[in-house]
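All remarks here apply to the structure that follows.
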Amino acid sequence: MRDVVVIGAGMTKFGELWDKSIKDIFVEASLKAIEDSGVDHLDSIYVGAMSSGLFVGQEHLGAILADYLGMNPVPATRVESACASGGAAFRQAYLEVASGASEIVLAGGVEKMNDGADVTEVLATAADQEYEVYQGITFPGLYAMIAKAHMHQYGTTREQLAAVAVKNHRNGSKNKNAQFGFEVTAEQVMKSTMVSDPLRLLDCSPVTDGGAAVIVASMDVAKKLNKNLVRVIASAQASDTIALHSRESLTTLNSVVKSAEKAYRMAGIKPMDLNLCEVHDCFTIAEIVVSEDLGFFEKGKGGEAVLNGLTSIESGKIPINTSGGLKSKGHPVGATGIAQIIELYEQLNGKAGSRQVKNARIGMAQNMGGSGASSVIHILEVK
Amino acid sequence: MITARYHREIPQRYRLEAGKCKKCGFIAFPLRLVCPKCKTKDFETLRLSDEGKILTFTIVRVASDKFSKQTPFAVGIVELKDGVKLTTQIADVDVDKLEIGQKVKIVFRKIQEDGKAGILCYGYKAVLV
Ligand SMILES: [Zn+2]
């Protein structure tokens, strides 16, 4: 396998983009990434999208986006793994360049969620339709059941859940692309509308339109273009039972544990060698559980860690979701995995502005699908 | 809900029928073609116990359009006596008084209505004992 380098990135603002179509959003992000990289052609395109069929009635996204990007006849394929679609698209691009089959590949992600669909119903298609959703459970409901079990088993508190939202909004307030780039207080979180006990509105990531794209290339191309060498040093993916009730533990996400084990082994590093990490905080409890399953904190101590500031940008321990995370930046489901890579790319290039982590050299992106049935992890390092 | 799909799932939903792996004893609910533990493809039919306890739960207050008339309603993960876990609504309860560990019994109930001309969908719910 060859070295693979990220050489360019572009994203749209995340939010309710009423005047833009899914094509507009994808093309805008992709053009920015192409321009940022300085490449004059693409060998192929992967686009992560969770549910364009149900959200806007459009499938066959690979071809339609290549067309509107003016890139015909470049091969273009859509990749789907629920909310991990973006991460999975990046992994396909990585594998294609690493294998030697291509030199320059665009990995993008897009979702248009605000066009009139029943978003709760569409998102629930990432769970077991016949034996979970049939009973009326929603996505916040599935994570709420994880939260309830975690609170029962480890004594995780309401305040600890709120601390995730407070931190991520603080980080997101420094991100011009964030959908909810404002700060919130713990009290506001704990008094917001109940969605599915114990999760409230401000525990949940928003409904978002947005697109993100990166250009991945071989080391030769990166050197010719005189780019900072932001190398992909690990790419790993794992799956678990789609139904939450089929798992041995309701408080550990085995796909995260397994994909992390593979990623650390491939990169030859330990959790504490990371300078920052973007995790899939679709709900506040998800960040707590994932931070434990990635090995940053002992099982059951993730809530305490965030409340004590160990995951803040300034902490020096392990800054988590410096971009604002899904919670504040927004969560256009198929684009999220790519947006996480973009945050690493900016941080490792020292271009994250007021949310810059000092001396950031190694970063991880963890992207999840469903209630943890898919987990995709990438680790990037700058030389 | 599509009628064909609904009919296909009647053995599981109405009678709690599961598949028990003839080699390792793993109980698959719903039925599977391959045992995820030992990869055997040989199952016998087993009717699940209708007694269990609540492992975790939530009160859904914001639902999809199909269930929005029912809110708030409780959904939990229940572990049955034979070790099988399932996601089910917990019916006939004061939703604010539910607790993890409470004992439940599985009962037969209407789950959802499929619009004016659609089918009424039945299945299992749990009630406290
Ligand atoms: Zn078996």
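Per chain, numbering begins at 1; letters A, B, ... match sequence-line order. Please read all numbers here as calculations on a predicted model, not as lab measurements.
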Need one label for [X]: side chain, backbone, both or neither, based on atoms under 4.5 Å from any heavy atom in chain A.
| X | answer |
| --- | --- |
| B:Arg109 | neither |
| B:Tyr124 | both |
| B:Ile59 | both |

Kindly indicate, with the supporting measurements, whether the criterion side chain to side chain donor-acceptor pair (under 3.5 Å) is fulfilled by A:Tyr131 and B:Gln12.
CA-CA 10 Å; A:Tyr131 294 93; B:Gln12 295 96 290; 2.9 Å; yes
Got a salt bridge between [X] and [Y], using NZ or NE/NH1/NH2 to carboxylate O under 4.0 Å?
| X | Y | answer |
| --- | --- | --- |
| B:Lys69 | B:Glu113 | no |
| B:Lys22 | B:Glu44 | no |
| A:Asp197 | A:Lys148 | no |

Within 45° cone and under 6.0 Å: B:Arg32 NZ/CZ vs B:Phe26 ring
no
Aromatic plane relationship, B:Tyr14 with B:Tyr6 - under 30° parallel, 30 to 60° tilted, over 60° perpendicular:
perpendicular
Filtered by a 4.5 Å non-hydrogen cutoff, the part of residues 151-158 of chain A contacting chain B is A:His152
Taking every non-hydrogen pair under 4.5 Å, which of B:Val78, B:Asp65, B:Val75 racks up the most with chain A?
B:Asp65
Under a 4.5 Å cutoff for heavy-atom pairs, which residue among B:Val95, B:Val84, B:Ile77 has the most contacts with chain A?
B:Ile77
I need the A:Cys204 SG to A:Leu326 CG distance, nearest 0.5 Å.
12.0 Å
